[in-house]
Each structure stands twice: as structure tokens, then as C-alpha cells.
Amino acid sequence: MDNRALIRAFRLAASLLELHDENPFKIRAYEGTAAALERLEFPVAEVERTGLPDRTGLSKTAAARVAEMLDTGTFEELTRLLSITPPGVVEMLNIKGIGPKKIRMLWRELGVESSDALRAAAERDEVSKLKGFGKKTQDAILQALEFSDQSRGKLLYPQAEELAKDLVVRLQEALFTESVAVAGEVRRRLEVVENVVLVAATAQPEKAHKLLNSLDGLTADPLRSGPFAWRGTATTSGVKVEVLLVAKDDFTNQLFLLTGAEAHLSEIFVPQAAHGQPATLRQLLKKERFYQETAIYEKAGLQYVEPELREGLGELALAKEHKLPKLLEDADLRGSVHNHSNYSDGAHTLRQMAEFLRDEGYEYLGICDHSQAAHYANGLSPERVHQQQHEIDELNKELAPFRIFKGIESDILGDGALDYQPTVLASFDFVVASVHSNLKMDEARATTRLLRAIENPYCTMLGHPTGRLLLRREGYPIDYKAVIDACAQHEVVIEINANPWRLDLDWRWVRYALDQGVKLSINPDAHHTTGYADMRYGVFMGRKGGLTKEMTFNAMSREEVAAYFAQRKAKIKPAEEFKTTLF
DNA sequence: GCCGTTTTCGGCCCGACTGTTTTCAGTCG
């Protein structure tokens, strides 16, 4: 059991206590346990049980509950709470916008015991009549239910990749072949996956069927399957799984056909093709058998198209002209600039965050803890900013040539102002500006808010532009063009937040940003040393949008980044000159 | 439930925002 499972269990217990109207301080205690676990930087499961209180800082009773979880998968209080709560009501806790207290009302007053019953009650206009509810709340509930419906049967990229890779290994073992590959959305690195598609070369497809039918996590769908295609779903997520069983000589053709989006395969790239001559890649594949994907594009007279780009969004036109860019790679990144330490809500100290990154071979770290408005995340008061910067100076002396840049993730307040006065903002090497509150603005207001932040001379970089959490919450709507244009005008870098829940800026806007000359930064937003690894997802998104090393902010060297920050700060006029207009 | 003692129980306690209210409760990050 990993720490996250523990944290989830304690959060659930806290919600259930609240649902059952128990002592608020008891609730806070459970939340406190979850928060304490979140800050830990080691797997609790590996700690000697008797050492738990000392190692975790938890109270004896909380530590005992953690131990119980580790040994039995649950703890007594949680079991009790679950036993007095209908499963459908527990599930309702996941609905955005309503919390335990509103759910209690719905349950007690309307007898609603499931999401479906809730939807029915809302559609009958019964919810809006409850005390404390209203028309808007009812509509918000229906909208949230709609969103969670849409999220069903989908996985974030990392989970989809893990599932796909696991199946590849099992099929390779069962079929005694290396020729099993991931295709489809996972190979194209889509941020959300609905279909996990694999291709396996085998002369014994029945062996593959037998294996796939026997796997615990999969549910077969015989109606959609056939002798050469196993289809079903991953049981818990409901995501579709498809395994095509093909002859060895057909492997490359099938892999290719199952990788590209339909628009890529069926786009006419030879407008004047003679009769019978292939005009699309699909037609070419029908005529000829290939053994390497590079040979397919070569035969078509096209530049090789990386799987990430095979979306049918204009890449073939570029490939025809041999103008596809050389895409960014993991190894091009030389530092990481939006990360948290335990000064705010991160798990690790400045030193730990820096040494880990240095030992991974990177040249610099940008620390951007939360600003003072982010109370929930232990945002830094000006005094603590000062203290942190002093500590960074000391560490920089010791760790040189590795360098920590002094940043901040400054909240963009409701009116678009940055958190902190100019004198404080001026003390940072750079400022990442992000929205964390009041996420329900309409497009006009949300855009104006961002534009105002971008115009602020202290804004170096725009953080997660829409605030979206994939499969969990829609971002606030923004006018992408206006935001990107403003970033171009004010030389503000846009981050591709590499956290797999965010992947924001959306890759579909990367090309537009690049065309406007906006540099992008692959930012893991790490709250833990393990979080740096998320940068690879950000690289995938950049690649999908055609991002190159040259246009990637954190592909710059330490010296280049230092020079960039210094030059940008030098351009800021003295605070008094814009004070009246901006603050 | 946890802390910290006035050592046996009282105090603990985010702020902004929204939507519901007519003075506030619930939710969120």
C-alpha cells in the first residue's frame, strides 16, 4: 500500500464523519493525519511499525490507525463509517461542488442514495427546493454529474501507459515474441485515453485470448471480439482495451494503421494521384507491405512523422515540404523551474529538492513556493520569502555551479493583480503567475484577469493557464488567442504544467504559441522529489504541439537562464511609475 | 481526535467566494 492510498483512506474517513455530523475537531484530526502523510517523503509501508510515531510525527493513535491500514487494508473507524453509509452515498462524495453536508441533506431529506437518484431528483426540480439549495446549485449538480459521466471509461495518460506496458510484457511472455507493441492513443501520447490498443504478431491468436480472458483486471467483451481481435475493458476504470492479433508479416502495417488518427491516415497528400495510385497513407498501406514505419513515409515521399504528431492536424503538409521540426527530447531539458519546497506545501526541503535535481544531472532549480494569498497551501509571508531567499543564497554558495533560482508562484488575485507588493516581487529572480481561486469566472472575466497579470512587468511566466484538472474539473474558459498574443507582446513564457492531471497549456495551442514566438517551459510543479519525473509528460505534450529545443525555456543552460532573468528584470521600470495603474 | 498542560479537560479554529440567505453555511484550493 502506498502513501496515496493511506491519504485517500483518511480523507474519506474525514468526509464520512462530516457526512454523519460528527465532532468537527475529530474531522479536523483525520484531515490532519492525511495532511501529515502527504508531507512525508518516504513510503510509510516500509517503516518499522513501532517506529511509526517517531518517523511520521503522528500521534500514537493515528499511527496505530495507519498500521492497521497497512496490515488489513482498512481501519476500524473507517469500516464502521462505511457500514452505516450506502455505497452510492459514498460515491456522491466525489461530485464536485457539493460536499458532505449537502449530501447529508439530499440523503436525509430526499432519500437520495446514489448519483443516478440525485440526477433524477434534480431533473424533477426537487433539489432546488431544499433549504440551502437553489436553482444554481441544482444546475451545478447536474453539470458535475454530466462531467463525471463523460470521464467514465477514460484514463489519464500515465495510468493508460502503465496498463498498456503491463499487457505488452504479459503478451510477450505468453506468445514467446518480442513483436507486441502499443498503438493508438497511448502511442500518440494523448493526455486522456479512451482506448488502449495493442498489436501482437502471433500465429497462435487463441493463446492470446486465453491469457487475456484469464487476467484479473480485464473484462472480455465477446460480442466485439473475433478470432484475431480481443476486445474488452479494464474492469475498474472501464477504459476500452483492444488487442489485435496479426500475422508476423503484417505487424508493421497494422501497427501503423492502429497508431495514426483517422485524419492522419485518410488525408489526401497526393492531390493529383493517377488512377489506382495511393493518395492517402491508408491507400498506400493497402497496396504494399512494410517492415519499418520509416519506409512507409519514405515511400510516400514524406518526412518521417513522429507518432505524437499523427493527429491529422496539418503535419502531412509539413512532412511533404520536409519542414517538420526536430521535436524536443527529455535529454534537452537542463533544469526545472516551477517546483515547491516545504516552505509552502511541498514535501522536501530546499536542499533535498536541489540535491536531487543536481544528482539527476540537471543544472538548475527554480523554486516557486505559493504566495501569501494561498493560505491553504501555507503561502509565504514577505518575512518568510526573505528567510527562504537567504537560505537559497547560502545553498547556492555550497552547491555551485548548480544554481537555485529564487521564484514564487504568485497567485493571480480576482482582479488580475499579482500577490505581494512590488518591493517583494522585485526580490525574486522570476515570477510564475497562476490562478488558484475563484475558478468559476466566465470567459471574458477570466481572460481579462489573465491579461492583467501578463501585463504586470514582474510576471515572467504564466502558470497552468486554465486551471483544469483532467477528468476531474473543467478549467475556466479563456480566450486562448488573446492570452497567447499578450504573452508574445509582453515576453511572458507560458508553462506546460507537466502534472498529468493538468498538462496545461493544452498541446493543441502549442503551435499557435510557437508561431507567435512565445517560449514554453516544461514545468513539473513538483511538490516532492519524485514529481520531477512528470517532466516527461510535459515533453510529450510539447512534442504533440511541435515544440523544439530552441523554443523550450528550460532547455536553456544555467547561464542563459540567469542572463534572461537578469535582462528581463532590468527592463522593469521603478515601481512608482506603474504603481498607480497596476496596484 | 489531539495537544498540552493550570495533569484531566478545555481549546483547538484558513479566507475567499458563492449562493443562499436577511446574516450565514458550505465548498474549495
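Here is the naming used below: chain letters follow the sequence lines, and residue numbers restart at 1 for every chain. What you see below is based on every heavy atom in this structure, not just the backbone, and it leaves out hydrogens, waters and symmetry mates.
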Ser59(A) or Phe133(A), whichever maps to the more 5' nucleotide of DNA chain B: Ser59(A)

Test side chain to side chain donor-acceptor pair (under 3.5 Å) applied to Asp139(A) - qualifying residues, sequence neighbours left out: none

DNA chain B contacts made by residues 107-130 of chain A, counting heavy atoms under 4.0 Å: none

Residues in salt bridge (charged side-chain N to carboxylate O under 4.0 Å, His left out) contact with Glu194(A), at least two apart in sequence or another chain: none

Non-neighbouring partners of Arg104(A) that pass salt bridge (charged side-chain N to carboxylate O under 4.0 Å, His left out), sequence neighbours left out: Asp21(A)

Set of residues satisfying side chain to side chain donor-acceptor pair (under 3.5 Å) with respect to Arg468(A), sequence neighbours excluded: Asp506(A)

Inter- and intrachain pairs under ring-ring contact (aromatic ring centres under 6.0 Å, His included), touching residues 470-495 of chain A, at least two apart: Tyr480(A)-Trp509(A)

Lys/Arg-Asp/Glu bridge criterion (N-O < 4.0 Å) met for Asp345(A), Arg39(A): no

Residue list, side chain to side chain donor-acceptor pair (under 3.5 Å) with Lys569(A), at least two apart or on another chain: none

Protein proximity profile, nucleotides 4-15 of chain B - base contact B, sugar-phosphate-only contact S, no contact -, cut-off 4.0 Å on heavy atoms: --------BSSS

Listed pairs under 3.5 Å, donor-acceptor, residues 6-19 of chain A side chains, sequence neighbours left out:
| unit_1 | atom_1 | unit_2 | atom_2 | d |
| --- | --- | --- | --- | --- |
| Arg11(A) | NH2 | Glu38(A) | OE1 | 3.4 |
| Ser15(A) | OG | Arg11(A) | O | 3.2 |

Considering only nitrogen or oxygen atoms on both sides, find all protein atoms under 3.5 Å from nucleotides 22-27 of chain B and state each distance.
| unit_1 | atom_1 | unit_2 | atom_2 | d |
| --- | --- | --- | --- | --- |
| dT27(B) | OP1 | Gly99(A) | N | 2.2 |
| dT27(B) | OP1 | Gly99(A) | O | 2.8 |
| dT27(B) | OP1 | Lys102(A) | N | 3.2 |
| dT27(B) | OP2 | Lys101(A) | N | 3.3 |
| dT27(B) | O5' | Gly99(A) | N | 3.2 |

ring-ring contact (aromatic ring centres under 6.0 Å, His included) partners for Phe430(A), two or more places apart: Phe565(A)

Residues that Thr466(A) engages under side chain to side chain donor-acceptor pair (under 3.5 Å), provided they are two or more places apart: Asp504(A)

